[in-house]
Amino acid sequence: MSDSDEQVEPRDTRDVIMEATFRALNEHGYSDLRVRDIGEEMDLSRQVIHYHYDGKYDLLSSFLEYVIDQYEGSVEVDADTDPRSELETRIDRCLFGPEFDDFTHWDRMKVYHELYAHAQNDEEHRELFNEHYARLRGSIVTVIEDGIEQGVFREVDAELMGQHITDSIHAARERRLSLGHEDAPEEARRAIREFILDSLYLES
């Protein structure tokens with residue numbers, strides 16, 4: 001083991017490997033990605049990857065969990081936020097994301113959506129995405145239900161509205177990434193506000 005390997009704690013080692021995987025996927029894409037490509041994106045010995053992961057699939061499964069955890073952490077909202085502000089904040093963070101030191105939000109979404117596209121042929125990865133989608137949708141449904149209970153929102157089918165908002169967010173991101181429509185997230189936000197949220201809010 002090299003001196004640089006010895007200076008990295010296990011958790012930090014995982015983060016180094018995951019961020020190297022981001023860079024390698026961004027450059028090579030999912031289909032052409034090799035473990036060697038990931039190794040070339042980090043200062044640690046490539047043997048560190050083989051020590052922690054049993055091949056490319058195991059590594060990408062761990063990477064997918066890492067991406068999902070990172071994404072879900074970026075859309076969290078303070079617990080004491082009122083329902084209206086929380087709903088709008090969650091929508092904005094899902095559409096536009098936070099800023100990262102290394103890659104931009106859209107660099108990360110590009111990798112996320114490439115893995116998402118391949119999940120249709122992978123039962124394990126599809127299940128991870130399904131669970132992730134259910135949590136995001138559930139967080140929006142919950143805030144709508146809270147708003148109704150507090151008398152901030154009118155009575156609606158919270159499950160159906162949460163589904164509609166979540167699908168609008170996913171469609172806008174995919175349109176930006178796949179078709180290059182850079183204004184898609186902003187257009188989606190305006191449409192959600194005008195056609196969904198304005199009808200949801202009760203006049204104060």
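FYI, the numbering just counts along the sequence from 1.
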If the threshold is 4.0 Å, N to carboxylate O, is there a salt bridge linking [X] and [Y]?
X      : Y      : answer
Arg36  : Glu40  : no
Arg93  : Glu76  : no
Arg193 : Asp198 : no

inquiry  = Strictly by salt bridge (Lys or Arg N to Asp or Glu O under 4.0 Å), give each pair with a member in residues 112-131 just once, sequence neighbours left out.
reply    = none
request  = Check whether Leu177 and Leu25 end up in the same hydrophobic cluster, where Ile, Leu, Val, Met, Phe, Trp and Tyr are linked by side-chain heavy atoms less than 4.5 Å apart.
outcome  =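 Yes, Leu177 and Leu25 fall within the same hydrophobic cluster.
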query = Can Leu128 be reached from Tyr71 by stepping across I, L, V, M, F, W or Y side chains whose heavy atoms are under 4.5 Å apart?
reply = yes
key: Pair Thr89-Asp92, side-chain donor/acceptor within less than 3.5 Å   = no
message = Quick one about Ser61 and His125 (side-chain donor to acceptor, distance below 3.5 Å, no hydrogens or angles considered), yes or no?
response = yes
Do [X] and [Y] come within less than 4.5 Å of each other through their side chains, counting heavy atoms only?
X     : Y     : result
Arg23 : Glu27 : no
Val35 : His50 : yes
Arg34 : Lys56 : no

ask   = Listed by chain and number, what are the side-chain hydrogen bond (donor to acceptor under 3.5 Å, both in side chains) partners of Thr81, not counting sequence neighbours?
value =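 Once residues adjacent in sequence are excluded, Thr81 has no partner under the side-chain hydrogen bond (donor to acceptor under 3.5 Å, both in side chains) criterion.
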Any pair counted as ring pair (Phe, Tyr, Trp, His ring centres under 6.0 Å), so long as it reaches [range], sequence neighbours left out:
range            : value
residues 141-169 : Phe153-Tyr201
residues 25-44   : Tyr30-His118
residues 172-196 : none

query = Can you name the side chain to side chain contact (heavy atoms under 4.5 Å, CB included) partners of Val141, sequence neighbours left out?
reply =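 Per chain and number, Val141 pairs via side chain to side chain contact (heavy atoms under 4.5 Å, CB included) with Arg137, Glu145, Ala158, Glu159.
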Full working for ring-ring contact (aromatic ring centres under 6.0 Å, His included) between Tyr112 and Phe22 = CA-CA 10 Å; Tyr112 173 97; Phe22 258 123; over 10 Å; no
